[in-house]
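Quick one: the structure is below, and I'll ask about it shortly.
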Amino acid sequence: MELMEPFSSQLDLLAGTLEPSARILRRHLSDMQEMYADREGIRRMLEGGQDPLIYEVYLSPVPEVEGQLPYSTTIIYPGKVGHEFFMTKGHFHVKRDRAEIYLGLAGEGHLVMQKEDGTVRSQRMAPGTAAYVPPFWAHRTVNTGTVPFAFFAVWPGDAGHDYRTIETTGFAKMMVSRNGRAVLVDNARYR
Ligand code: PAN
Ligand code: ZN
């Protein structure tokens, strides 16, 4: 492993930004159309010229190799696609036994996790919530509030990101708004 010098970076605890960051990823609705249930609604939004920014990821400059601990912040904007709250794509780690820690910074949301057998669990996240993603659980975060939801994450450098499995199967449950409340309901498209 390459020897590094110690360094630090600055989190804006209210805005959720990370300075300096090596890269900022921006995910719009058009980047994740197949992740939401309301395909007809999406088609209408995109054809009408609406392609909202759903979330941003600020990535640390830490290399993604064994022994390192890369970290990031994620900001998910408030909003819905149909009844479904704005959320991240979600992924398994390529090395399934690699865990992760999330720390809530601002706003509120849910961390939805799923095992390969389709078992789903969710944890509510608010500022100060340290949520643990155990080995073998896919993870996706959802903004269930009305302001941007921001959190910090740190994971083992050799974990790798497998987006394909979730793109193909989806999550067994989806987080929707019902009578003004966030609830997890079965996803008819699962597998
Ligand atoms: C997080 C996520 C981040 C964005 O840093 O990568 O919140 O979500 P997606 O990667 O699913 O688009 C993490 O879980 N890293 O392993
Ligand atoms: Zn992860």
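Please read these numbers as outputs of a predicted model, since none were measured by experiment. Order of appearance sets the numbers: ligands from 1, and atoms from 1 within every ligand.
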Looking only at distances, can you tell me whether any N or O atom of His161, backbone or side chain, sits closer than 3.5 Å to an N or O atom of ligand 1?
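N/O-N/O distance under 3.5 Å: yes.
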
Identify the closest protein heavy atom to atom 12 (O) of ligand 1: which residue and atom is it, and at what distance?
Tyr55 OH, 2.5 Å

So the atoms of ligand 1 within less than 4.0 Å of a heavy atom of Glu100 turn out to be 1 (C), 5 (O), 13 (C), 14 (O), 15 (N), 16 (O)

Ignoring angles and geometry beyond distance, decide whether Val57 reaches within less than 3.5 Å of ligand 1 through its nitrogen or oxygen atoms.
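No - when backbone and side-chain N and O of Val57 are compared with those of ligand 1, no distance drops under 3.5 Å.
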
As a test of understanding, state which of Lys80, His110, Met174, Met35 forms a side chain to side chain contact (heavy atoms under 4.5 Å, CB included) with Met87.
Met35

Hey, is there an N, O or S on His93 sitting under 2.8 Å from the Zn ion (ligand 2)?
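Of the N, O and S atoms in His93, at least one lies under 2.8 Å from the Zn ion (ligand 2), which means yes.
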
Would you call Arg96-Asp162 a salt bridge at under 4.0 Å N-O?
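Looking at Arg96 and Asp162, the cut-off is met.
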
Of all the atoms in ligand 1, which lie at a distance below 4.0 Å from a heavy atom belonging to His139?
14 (O)

Kindly give the atom name of the N, O or S atom of Glu100 closest to the Zn ion (ligand 2).
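For Glu100, the N, O or S atom at the smallest distance from the Zn ion (ligand 2) is OE1.
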
Any chance CD of Glu167 has more than 12 other-residue heavy atoms, nucleotides or ligands included, within less than 6.0 Å?
yes

Take the Zn ion (ligand 2) as the vertex and measure to NE2 of His91 and NE2 of His139; round to 10°.
80°

Atom indices of ligand 1 within 4.0 angstrom of Thr74 heavy atoms, with elements
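Numbered from 1, ligand 1 contributes 3 (C), 7 (O).
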
Numbering as shown, the atoms of ligand 1 that approach Gly90 to under 4.0 Å (heavy-atom distance)
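Numbered from 1, ligand 1 contributes 11 (O).
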
Under a 3.5 Å threshold, yes or no: a donor from one side chain and an acceptor from the other, between Tyr77 and Glu56?
yes

Classify the ring geometry between Phe7 and Tyr71 as parallel (under 30°), tilted (30 to 60°) or perpendicular (over 60°).
parallel

Below 4.0 angstrom from a heavy atom of Ser72, which ligand 1 atoms are there? Numbered from 1 as shown, please.
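Going through ligand 1 atom by atom, the ones under 4.0 Å from Ser72 are 5 (O).
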
Other residues, nucleotides, ligands: >12 heavy atoms within 6.0 Å of His83 NE2
no

For Phe151, the atoms of ligand 1 under 4.0 Å from one of its heavy atoms are 7 (O)

Strictly under 4.0 Å, does any heavy atom of His93 approach an atom of ligand 1?
yes

Subset of ligand 1 atoms that lie under 4.0 Å from at least one heavy atom of Tyr102:
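With Tyr102 as reference, the close atoms of ligand 1 come out as 1 (C), 13 (C), 14 (O).
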
Near Gln10 CD, under 6.0 Å, is it more than 12 heavy atoms from other residues, nucleotides or ligands?
no

Between Arg26 and Asp31 the two heavy atoms that sit nearest each other are O-OD2, 3.6 Å

Protein contact of atom 8 (O) of ligand 1 - nearest heavy atom, named by residue and atom, plus distance
Thr88 CB, 3.5 Å

How far is atom 6 (O) of ligand 1 from the closest protein heavy atom, and which atom is that?
His91 CE1, 3.5 Å

Heavy-atom gap Tyr163 to ligand 1 smaller than 4.0 Å
yes

Is the Trp155 to His161 ring centre distance short of 6.0 Å?
yes

Linking I/L/V/M/F/W/Y whenever any side-chain heavy atoms sit under 4.5 Å apart, do Phe136 and Phe171 land together?
no

Between Val154, Val62, Ile101, which is the residue that forms a side chain to side chain contact (heavy atoms under 4.5 Å, CB included) with Leu69?
Val154

